Structure formats: C-alpha cells, structure tokens
Amino acid sequence: MLDTLTFLLEKLFLHIKLSSLLPPLRREQPLSRRCERDESAPQPAGAPQRFQRGDLLEVPRILFTHFGIYLGDNRVAHLIPDILPALTADSRQIQEMVTNTRLLLGVLSKRASIRVDSVEDFAYGAGILLNVMDRAVPRGPLPGEEVARRAERLVGSVSYSLLWNNCEHFVTYCRYGAAQSRQTDKFCEWLKSLIRDQRNVVLAVLLGLLSVMCSGFSSGTVLPAILVPFTLWMAS
C-alpha cells in the first residue's frame, strides 16, 4: 500500500524532494566520490576522497538532488523526512537508517530530522558532487568550521515542507547564511508559467462544463466549474 502511495505521489509531482531522498537498491560497488571540485558530474566508483569539514555534498538523483554538510570523520549532517522521532524517544531506533516507510510518513506528517549519518549511508551508493553550488549562489561560502557548527547546532527533529523547508534549505543556510532552494524556485517558476498561460483557463472551463454535464448541477460541481477558471483568469 505504501509503495502504491509513493508511486502516486511521484506522479502528482509531490516528489519534488521525495524522489531525491528515496534510496535506490543498494549496490555492492564502492561509493562514488568526486576527486576534483570543478567537475559537473559524479565520478565513477573509486578511491575515497578526503572531504573537508564544512563541505557541501550533493547526491544527484534522476530528477532532483539530496544535500548534506560534511562534519568530518566520515559523518554527514542532512535533513530527511522521518516520522519515527514523533513516535519514540529510543535514540537507537531513530539512528537506524531511514526506511522508505519512515520517509513517506514523515513527508505526509511534515516531520523530519536533521541527523548525522556516515557518508556511505547519506549517498545510498550513488555518486557525490562536492561544493558545486558555490558557483551558483551569489554570496560566498562561510568558513568551513562555521558551516559545520551551524549544521551541528541544528541536529534534531524539525518540521518539514517539500517546498519551504527541505534538505536544500538546510545546507544553504549552513554554508551561505541564508536558506534557499533552487529546486523549489524552479518548480514555482514552472507553476507560475502554468497559471499565466491563458489556454489553461479555457481548459478549466471545458473540464468544468464536462463535470457538470456528467455529474449534474450541484454546488459541488457548479462552484468549482466557476471558481477555478475565474481564479486562473485573475491570476494570469
């Protein structure tokens, strides 16, 4: 049932961050890591790299990216949806690797944890990009020690939002001093372009008329048939 619900959420574009956090099947190969900071793609599996404390690590997925802050000693702080801290105070259970069920319930309940995991668990066997966001954010990064201390101070349970408080907001606050998410910005721009397209007003009218014709005249069909096109028209 949960797998079906996850699939439906992804198809409804609610996987803005969910897809970036769901772990793929674990692989037997060693962890992929970047060896040069100016490359644009994860390096194939190879020898471990010595990350520096305060580095921003990215794990690209098919559509989106998961983020974390390297703390040193093979530890990464990252924000991930998790329902378990709301259900138990057993730190040993909470520290176990977050399962898909815990993650999905965390998304739905808007609960998350900023937690510390090993680099391997953080990456889920995928490749890692190192400090790539430094080239995209106007303000420069804070000193590495300050970045790591900010991340360490925030470890614990937090509220979660796919759009307004996700793993990218966490790492940008720690490294640059201001929380932001380029992935959220891109989604909002796409949504605005969709709303501004007046062809969608016509489509909403047609769908509203079809709904009324199929279901009959009632407040549940007539009001949406009027209000949705009206709202789209005024917003376009």
Side-chain angles (χ1 to χ4, degrees), residues 17 20-21 23 31-39 42 48-61 64-86 88-98 102-103 106 110-124 126-185:
K17 279 298 173 187
S20 68
L21 297 175
L31 175 67
S32 303
R33 300 189 183 181
R34 280 176 59 90
C35 288
E36 294 182 10
R37 300 189 176 214
D38 59 348
E39 292 180 359
Q49 173 185 348
R50 292 185 179 276
F51 299 120
Q52 296 180 10
R53 183 169 163 84
D55 278 344
L56 191 157
L57 309 185
E58 302 183 24
V59 179
R61 299 302 184 195
F64 300 99
T65 304
H66 186 44
F67 299 86
I69 297 294
Y70 186 69
L71 302 180
D73 298 325
N74 201 45
R75 298 175 302 130
V76 181
H78 59 126
L79 188 155
I80 185 169
D82 187 7
I83 188 63
L84 198 57
T88 180
D90 189 337
S91 59
R92 185 168 55 182
Q93 290 186 34
I94 293 173
Q95 192 55 38
E96 292 179 357
M97 191 171 178
V98 177
R102 285 171 58 180
L103 188 150
K110 296 188 176 182
R111 295 178 179 273
S113 291
I114 296 173
R115 52 183 285 143
V116 178
D117 286 307
S118 68
V119 173
E120 290 79 10
D121 286 344
F122 162 75
Y124 299 127
I128 293 178
L129 297 175
L130 178 61
N131 296 330
V132 172
M133 197 181 293
D134 287 358
R135 301 198 298 264
V137 177
R139 64 177 66 194
L142 298 170
E145 184 61 29
E146 173 63 19
V147 174
R149 287 180 179 176
R150 281 178 174 237
E152 290 168 338
R153 286 196 296 265
L154 293 174
V155 169
S157 298
V158 296
S159 61
Y160 181 77
S161 169
L162 284 166
L163 294 179
W164 315 123
N165 189 37
N166 56 49
C167 61
E168 191 172 3
H169 290 100
F170 164 66
V171 298
T172 51
Y173 166 76
C174 292
R175 188 162 175 86
Y176 310 109
Q180 64 184 87
S181 172
R182 292 178 299 160
Q183 295 177 110
T184 295
D185 293 342

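Quantities reported herein were computed from a predicted structural model and do not represent experimental measurements.
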Taking only residues two or more places apart in sequence or in another chain, which ones pass ring-ring contact (aromatic ring centres under 6.0 Å, His included) with F170? none
Check whether any side-chain heavy atom of L129 sits under 4.5 Å from a side-chain heavy atom of T65, and report yes or no. no
Okay, side chain of R75, backbone of G72: is any donor-acceptor separation there less than 3.5 Å? yes
For the residue pair L57 and F67, establish whether any side-chain heavy-atom pair is separated by less than 4.5 Å. no
Partners meeting side chain to side chain contact (heavy atoms under 4.5 Å, CB included) with T88 (sequence neighbours left out): L84, D90, Q93, I94
The reported gap from OG in S113 to CD1 in I83 (rounded to nearest 0.5 angstrom) is 9.5 Å
Residues at least two apart in sequence or cross-chain that pass side chain to side chain donor-acceptor pair (under 3.5 Å) with R115, listed by chain then number, are D117
To the nearest 0.5 Å, atom NZ of K110 lies from atom CG of N165 at 11.0 Å
Side chain to side chain contact (heavy atoms under 4.5 Å, CB included) involving V158 - partner list, sequence neighbours excluded: L79, A112, I114
Is a side-chain donor or acceptor of D55 paired with a backbone partner of Q52 at a separation under 3.5 angstrom? yes
Using side chain to side chain donor-acceptor pair (under 3.5 Å) as the criterion, list what pairs up with D134, not counting sequence neighbours. R175, Y176
Where is the tightest heavy-atom contact between A151 and L71, given as atom of each residue plus distance? CB-CD2, 4.1 Å
Hey, does I69 have a side-chain heavy atom less than 4.5 Å from the side chain of V76? no
To the nearest 0.5 Å, what is the distance between CG (D121) and CD (E96)? 11.0 Å
Which atoms form the tightest heavy-atom contact between G68 and F122, and what is the distance? N-CZ, 3.5 Å
Donor-acceptor pair, R111 side chain versus P85 backbone, under 3.5 Å? no
Minimum heavy-atom distance between G54 and V147, given as atom pair plus value: O-CG1, 3.4 Å
Nearest atoms (heavy-atom pairs only) where R150 meets G177: NH1-CA, 3.6 Å
What distance do C174 atom SG and H78 atom NE2 have between them, rounded to the nearest 0.5 Å? 12.5 Å
I need the minimum non-hydrogen distance between V137 and Q180, along with the two atoms involved. CG1-OE1, 4.3 Å
Residues forming a salt bridge (charged side-chain N to carboxylate O under 4.0 Å, His left out) with R102, sequence neighbours excluded: D82
Tell me the closest heavy-atom pair linking S181 and E168, and the distance in Å. OG-OE1, 2.9 Å
Within-4.5 Å side-chain heavy-atom neighbours: N131 and P141: no
Step by step, work out the side-chain contact (heavy atoms from CB on, under 4.5 Å) result for E120 and N74. CA-CA 8 Å; E120 290 79 10; N74 201 45; 3.0 Å; yes
Pairs in or reaching into residues 154-165: which pass salt bridge (charged side-chain N to carboxylate O under 4.0 Å, His left out), with residues at least two apart or in two chains? none
By side chain to side chain donor-acceptor pair (under 3.5 Å) - contacts of E145 (at least two apart): R53, R149
